[in-house]
Enquirer: 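One structure is given below, represented as structure tokens, and several questions about it will come after.
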Protein chains: 2
Amino acid sequence: MRLVVATCSVDYAGRLSAHLPLAPRVLMLKADGSILVHSDGGSYKPLNWMSPPATFEASEPDEEQRSVGVTEVWTVKHKKTGDSLIVSVHEVHADSSHELGVDPGLVKDGVEAHLQVLLAEQIERLGDGYELWRREYMTAIGPVDILARDAGGATVAVEIKRRGEIDGVEQLTRYLELLNRDPRIAPVTGVFAAQEIKPQARTLAEDRGIRCVVLDYDEMRGIDSGHARLF
Amino acid sequence: MRLVVATCSVDYAGRLSAHLPLAPRVLMLKADGSILVHSDGGSYKPLNWMSPPATFEASEPDEEQRSVGVTEVWTVKHKKTGDSLIVSVHEVHADSSHELGVDPGLVKDGVEAHLQVLLAEQIERLGDGYELWRREYMTAIGPVDILARDAGGATVAVEIKRRGEIDGVEQLTRYLELLNRDPRIAPVTGVFAAQEIKPQARTLAEDRGIRCVVLDYDEMRGIDSGHARLF
DNA sequence: TGTTGGATGTCGTGA
DNA sequence: TCACGACGTCCAACA
């Protein structure tokens, strides 16, 4: 990994053509030949980049380039698509290399999956007399997180999200439409359960007769791990 | 912009929970409080990150953290969603700050748009007797790049891409279906024009009776700019 | 190896 | 500010 802070301009040609005017930027050169061009702002997406596998080549500027202040030209080419990124380096402010080794990689904890397990165990949180019927009930358009029966024996479809937003309501709505076409389980009502439900999502859900339930993750975990103290 | 190379572990809690085990990594701290955690590989997406606007706070480790080798704890919190990223810094290998200023930003050249202008000017590239009828012809599902008339006066819908892939053929197919329902312009045939057409896209297009035309961008530009020499 | 659907998507644009 | 669609989407599971 090489980190360079330099005043440079950048040109990319691939799926589209793009140009970055002369300015100071951070250039991250990775071991696989890839390069990222970052400014001091924006999100994690670089201003411009070349993804691996790529070849990196540094060369001397020609006369015309040198006359406008270019001291070095970097040509980065994608090995498969041929996309090219050309960095015209003017002034280098810092340049360092570091040995990082192979990263052990990200571990995703899957809170949504955990919430589903917990709610399946604590289905009474939806109301007295509720009973778990199915988890991950498969339909033609995907699995319904939980199917339950309410105190009266009616079917309830539950969609679980960490953060309840509008697309989650849409998803549940699609499931409800489908499930209600199946005479074996219709009529089905919906419950939208999440740690946090956005006002827009709540409005949409309630407008469609879907009940919203806010789940307290820490409390549910507490009851789960400290199961003994209930007795 | 602060660049730190450090051996660290990282924990994120937001839409999901994620953990990065202890390893050497590059940490990019931006002026807006955002942070990127990069390894020496992968694409432009960091292993973990916090997007702006965010607050950054460095603090001393507690006894337990210190006992496992943590020398500093960074807490990065998203100002709106409350998502948090915690970096447990063990050993710092490099640490530097740089003043970059505001970046002038990316200029996209829009080769596809230019190709469309050029093809509109040089519509005879599709065949003798072709005449331009409309550009960016608006439909309910989006604008058709070019509508032309062939030598026999029949309508031709043209979809232009820099790289012709399968989704471009699908797009043109949708336009053709729609246009052919309009008795004022039906029947409409399709032309898929691109600098480069992938074999799969060509197969699909031809199977649907769509003609494929490969455009030579440099040649079209040459004819355009050197218009005078034709006379 | 191609295909498909999700993403801590991100990013623009128009209402 | 917010919903919608495109993206140099990227990415991983799956056929």
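Values reported hereafter were calculated over all heavy atoms of this structure, with side chains retained and with hydrogens, waters and symmetry mates removed. Order of the sequence lines fixes the chain letters, A, B, ..., with proteins taken first and strands second; residue numbering starts at 1 for each chain.
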Enquirer: So, is A:Ser43 close to the C:dC11 phosphate, meaning a side-chain N or O under 4.0 Å from OP1 or OP2?
Expert: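 For A:Ser43, the contact criterion (side-chain N or O under 4.0 Å from OP1 or OP2 of C:dC11) is met.
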Enquirer: Looking at D:dC11, C:dT10, C:dG2, which one has an atom nearest to any side-chain atom of B:Gln200?
Expert: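 Nearest to the side chain of B:Gln200 among the choices is C:dG2.
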Enquirer: Provide, to the nearest angstrom, the distance between the NZ atom belonging to A:Lys108 and the P atom belonging to C:dA7.
Expert: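 Distance check: A:Lys108 NZ to C:dA7 P gives 8 Å.
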Enquirer: Starting at atom NZ of B:Lys45, determine the distance to atom C1' of D:dC10, rounded to an integer number of angstrom.
Expert: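 My rounded result for the distance is 7 Å.
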Enquirer: Is any NZ, NE, NH1 or NH2 atom of the basic residue among B:Asp83 and B:Lys77 found under 4.0 Å from an Asp or Glu carboxylate oxygen of the other?
Expert: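 Between B:Lys77 and B:Asp83 there is no salt bridge, as every charged N stays at least 4.0 Å from the carboxylate O atoms.
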Enquirer: Which is true for A:Met50 with a 4.0 Å heavy-atom rule: it touches a base, it touches only sugar-phosphate, or it touches nothing?
Expert: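 Base contact.
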Enquirer: If I take atom CG in residue A:Asp167 and atom P in nucleotide C:dG9, what distance separates them, rounded to the nearest angstrom?
Expert: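 Rounded to whole Å, this separation is 9 Å.
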Enquirer: Please state how far atom CG in A:Leu47 lies from atom P in C:dC11, giving the value in whole angstrom units.
Expert: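 So the CG-P distance, A:Leu47 to C:dC11, works out to 10 Å.
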Enquirer: Atom CD of A:Glu170 and atom P of D:dG5: how far apart are they, to the nearest Å?
Expert: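 That distance rounds to 11 Å.
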Enquirer: B:Leu106 CG to C:dG12 P: how many Å, rounded?
Expert: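 Distance check: B:Leu106 CG to C:dG12 P gives 9 Å.
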Enquirer: Can you figure out which of D:dT9, C:dG9, C:dG2 approaches the side chain of B:Arg15 most closely?
Expert: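 My answer, after comparing the listed nucleotides, is C:dG9.
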Enquirer: Find the distance B:Glu165:CD to D:dA6:P and express it as a whole number of Å.
Expert: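 B:Glu165 atom CD is separated from D:dA6 atom P by 16 Å.
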Enquirer: Within the side chain of B:Arg134, is there an N or O that forms a donor-acceptor pair under 3.5 Å with the backbone of B:Val144?
Expert: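 No, the answer is negative, given that no donor and acceptor are paired below the 3.5 Å cut-off.
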Enquirer: Hey, is the side chain of B:Trp49 poking within less than 4.0 Å of OP1 or OP2 on C:dG9, counting only N and O atoms?
Expert: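 For C:dG9, OP1/OP2 do not have a side-chain N/O of B:Trp49 under 4.0 Å.
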Enquirer: If you apply the rule salt bridge (Lys or Arg N to Asp or Glu O under 4.0 Å), what do you find for B:Glu165 with B:Arg202, and how did you get there?
Expert: CA-CA 8 Å; B:Glu165 297 182 16; B:Arg202 177 180 292 275; over 6 Å; no
Enquirer: May I have the distance from B:Leu36 (atom CG) to C:dG9 (atom P), rounded to whole angstrom?
Expert: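 Taking CG of B:Leu36 and P of C:dG9, I get 16 Å after rounding.
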Enquirer: Going by ring centres under 5.5 Å and near-parallel planes (under 30°), is A:Tyr44 stacked on C:dT10?
Expert: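 It does not: the two rings, one from A:Tyr44 and one from C:dT10, miss the stacking criterion.
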Enquirer: Take B:Arg174 and B:Glu159 through the test salt bridge (Lys or Arg N to Asp or Glu O under 4.0 Å) and record every step on the way to the result.
Expert: CA-CA 11 Å; B:Arg174 289 195 299 274; B:Glu159 177 64 33; over 6 Å; no
Enquirer: Just by distance, with hydrogens left out, do B:Thr173 and B:Arg208 show a side-chain donor and acceptor under 3.5 Å apart?
Expert: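 B:Thr173 vs B:Arg208: donor-acceptor pair found between side chains.
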Enquirer: Could you check B:Gly42 against B:Gln171 and say which one's nearest nucleotide on DNA chain D is further toward the 5' end?
Expert: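 Here B:Gln171 is the residue nearer the 5' end.
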